[in-house]
Protein chains: 2
Amino acid sequence: MSDILTRKLRRWAKFDDQDRAALDRLTMVTRPVVRGQHLIREGDDPTHVFLILEGWAQRYKILPDGKRQIVAFLMPGDLCDTHVFILEKMDHSISMMSEGQVVSIPANDMLAIIENHPRVAQALWWCTLVDEGILREWLVNIGAREAYSRIAHLFCELYIRAGAVAREGNGDFFMPLTQTDVGEALGLTSVHVNRTIRALKRSGLVDAAKNRLLMLDFEGLKDAARFDSAYLHARLVPLGG
Amino acid sequence: MSDILTRKLRRWAKFDDQDRAALDRLTMVTRPVVRGQHLIREGDDPTHVFLILEGWAQRYKILPDGKRQIVAFLMPGDLCDTHVFILEKMDHSISMMSEGQVVSIPANDMLAIIENHPRVAQALWWCTLVDEGILREWLVNIGAREAYSRIAHLFCELYIRAGAVAREGNGDFFMPLTQTDVGEALGLTSVHVNRTIRALKRSGLVDAAKNRLLMLDFEGLKDAARFDSAYLHARLVPLGG
DNA sequence: CGATGGTTTGAGGCTATTCAAACCCAGTGG
DNA sequence: CCACTGGGTTTGAATAGCCTCAAACCATCG
């Protein structure tokens, strides 16, 4: 189960046995985490990189007036800030949205693998670029789409990133977001998110249960969102197994 | 003038003569560009990295319905997508907002310098991280602030990034954005941007002329924006000379 | 001097917010 | 086993912020 990183990175680079071994060594010591637990906080001095093995996390900032803006969702296989330890201080926080398992990788180990395993370094670059692409698309989503398509777009992205497209036939997948979370990610109030999600349900596009989202009509949802998965780059090709 | 990159990167790493020489070699051949000219377009296969020497550029995406969302402003010293050539296809376009000078750096030269000059590589990483931080802050800005403080926030960022804080005593600096640009960057209509900017003027915080912004009360503007420059990291320390 | 691109202004309408309360469900403890 | 609690969802009514459409204005430029 903890070779999830290798499996993810392998999409973007051919690794030899040494690469794989080095990656495996990183992910030896896992640590259970509970819902709400912080991996790191704004203002902290980052000394470790986190790898999510199980569960979802959120990256967010808090404004002086108490408002919260979520700027990313992290799911199994995602690395938090591969190179953030270059900076002095975290400018945001990361907390778990569900229970799960994570690995804390010391900065030095990370640096070492980057120096000694160019193919791994390249794959990590790739991840960073994809993350940046997601950030840009979020900007487009919040800046240029209205609530209905905005929420639809987020659901499409999460569906694909969670790898649920090909895996589970029925379209039901783990998605531990509250409506408040959705609002804080998309710049909407939870009240409006509620009303809009029911509109999506009424249209027969999705349904929801606690911690689960049910894709009833993925094509319809993509339509509503004007969703174009190009920005996720190769992510959407799971090539299962 | 074309040592602007070296000067910028020097903030984050100590270079030796070879580092400096390698950087200088990159920026030998400059190319004049006019306002509106594209450096690269969505869908293109990126083979070069661009360095802006003079003038401002914008990074943007176009939606199916024709709406445009600007996701970044680039100014002298900024590199466009240091590693984007790892990806197959551009997922956005970059065009000049004013005339200027740029350098096109072949991907291979870029790769070579990263491999052979670890200090330069590290400084480039730093730039990428800062760019990502800016992207996150834009998300917060669009998602969680109302028009008045949102525009104020953008102006604060541009003022600092343009290096105008310390340099020009009077607070007047080059800023080639139309009100439409501001709107497309912040998720507002140009009409509303117009009204809001006049409100900022009425409050005595800024004034504007063609291609110029005049900071009348930077402290007041920061207040209005709840601006905290931490996300720009070391950028704001110009250490002139 | 007309053309063009950008700014300004007005009026009306819609989207999303605010505030407030009710509701539902799962977990907890008496 | 039922009352209680707390987090999350749902609903309503009133309002604010921002948008749409439309037109006028202004400066610059060939």
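Scope of the values below: all heavy atoms of this structure, side chains included, with no hydrogens, waters or symmetry mates. The chains referred to below are lettered A, B, ... by the order of the sequence lines, with proteins before strands, and numbering in each begins at 1.
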Exercise for the section: Pick base, sugar-phosphate or nothing for G183(B), based on heavy-atom distances below 4.0 Å to the nucleic acid. Expected result: nothing

Practice task
Determine the contact category for R35(A): base if any of its heavy atoms lies under 4.0 Å from a base atom, sugar-phosphate if only primed atoms, P, OP1 or OP2 are that close, otherwise nothing.
Solution key: sugar-phosphate

Exercise for the section: Hey, which sits more toward the 5' end of DNA chain C by its nearest nucleotide, K67(A) or R198(B)? Expected result: R198(B)

Problem - Q179(A), nearest nucleotide to its side chain (from dC19(D), dC19(C), dT9(D)) - result: dT9(D)

Fill in the blank from the handout: Testing dT9(C), dC18(D), dT17(C) for proximity to the side chain of E146(B), the answer is dC18(D)

Handout entry: Pair E146(A) + R150(A): basic N to acidic O under 4.0 Å
Key = no

Practice task
Please state how far atom CG in N194(B) lies from atom C1' in dG10(C), giving the value in whole angstrom units.
Solution key: 12 Å

Practice task
Could you check how far CG of L213(B) sits from P of dT7(C), rounded to whole Å?
Solution key: 12 Å

Handout entry: Nucleotide dC19(C), atom P - distance to NE2 of H192(A) in whole Å
Key = 17 Å

Practice task
Using a 4.0 Å heavy-atom cut-off across all strands, classify G36(B) as base, sugar-phosphate, or nothing.
Solution key: nothing

Problem - N/O donor-acceptor pair, side chain R195(A) with base dG12(D), under 3.5 angstrom - result: yes

Exercise for the section: Please confirm whether Y231(A) and W138(A) have ring centers closer than 6.0 angstrom. Expected result: no

